[in-house]
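Report on the structure given below.
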Amino acid sequence: QVQLVESGGGLVQAGGSLRLSCAASGRTFSTDHMGWFRQAPGKEREFVAAISWSSITTHYADSVKGRFTISRDNAKNTVYLQMNSLKPEDTAVYYCAATKNWGSRVDSYNYWGQGTQVTVSS
């Protein structure tokens with residue numbers, strides 16, 4: 001089992017940057033694929049980025065490609081989301097999640113953090 005705790009959210013102006021972190025505890029982090037999702041008020045939770053357990057493979061939503069970078073440090077049991085050139089439409093609660101099954105579907109992920117708020121002002 002994996003427990004996930006996100007941090008690093010906050011308020012930033014459009015064009016700014018934030019780095020989210022997700023600290024994992026449990027025995028399986030190094031063999032889990034990890035993903036970041038987000039949910040804006042009144043909208044469904046959506047995929048942002050994913051990284052394979054080995055860091056060899058990454059996948060991004062078209063809306064963040066070229067602006068966001070996902071990475072992980074298995075020695076620190078941590079996954080990161082570097083967010084650059086932020087836009088007001090990036091405002092959402094951001095969640096990290098873990099899965100044994102590679103993919104971008106919400107229902108593919110078994111373990112979720114509590115989320116961290118990101119607000120981008122125009």
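Taking the ring axis of Trp112 as reference, the NZ or CZ atom of Arg45 stays within 45° of it and closer than 6.0 Å to the ring centre.
Ser108 and Asn101 are not linked by any side-chain donor-acceptor pair at a separation below 3.5 angstrom, with hydrogens and angles left out of the test. If you check the side chains of Ser121 and Gln13, you find no donor sitting under 3.5 Å from an acceptor.
Looking at Val93, Leu81, Leu18, Leu20 one by one, the single match for side chain to side chain contact (heavy atoms under 4.5 Å, CB included) with Thr116 turns out to be Leu20.
In this structure, Glu6 contributes its side chain and Gly115 its backbone to a donor-acceptor pair below 3.5 Å. Side chain of Thr99 to main chain of His33: no donor-acceptor pair is present (N/O by atom type, distance under 3.5 Å, no hydrogens or angles). Although no hydrogens or angles enter the test, the distance criterion places no donor-acceptor pair under 3.5 Å between the side chain of Asn74 and the main chain of Phe29. With hydrogens and angles disregarded, no donor-acceptor distance shorter than 3.5 Å links the side chain of Thr91 to the backbone of Thr119.
By the 4.5 Å heavy-atom criterion applied to side chains, Val48 and Tyr60 are not counted as neighbours. In this structure, Ile51 and Thr57 have side chains that are not in contact, with every pair of non-hydrogen atoms separated by 4.5 Å or more. Looking at Lys100 and Trp53, their side chains never come closer than 4.5 Å, going by heavy atoms from C-beta outward. Side-chain contact between Gln114 and Tyr95: absent, with no pair of heavy atoms (C-beta onward) separated by less than 4.5 Å. Tyr94 is listed as a side-chain neighbour of Met83, based on a closest heavy-atom distance under 4.5 Å.
The pair Lys65-Asp62 meets the salt-bridge criterion, with a side-chain N (NZ, NE, NH1 or NH2) lying under 4.0 Å from an Asp/Glu carboxylate O.
Taking all atoms of both residues into account, the shortest heavy-atom contact from Phe37 to Arg105 is CZ-O, 4.0 Å. Taking all atoms of both residues into account, the shortest heavy-atom contact from Ala50 to Tyr109 is CB-OH, 3.6 Å. In terms of heavy atoms, Arg38 sits closest to Ser63 at NH2-OG, 3.5 Å.
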Verdict with reasoning, Asp73 to Thr78, per side-chain hydrogen bond (donor to acceptor under 3.5 Å, both in side chains): CA-CA 5 Å; Asp73 185 338; Thr78 302; over 6 Å; no
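By the ring pair (Phe, Tyr, Trp, His ring centres under 6.0 Å) test, Tyr80 pairs with no residue at all, sequence neighbours left out.
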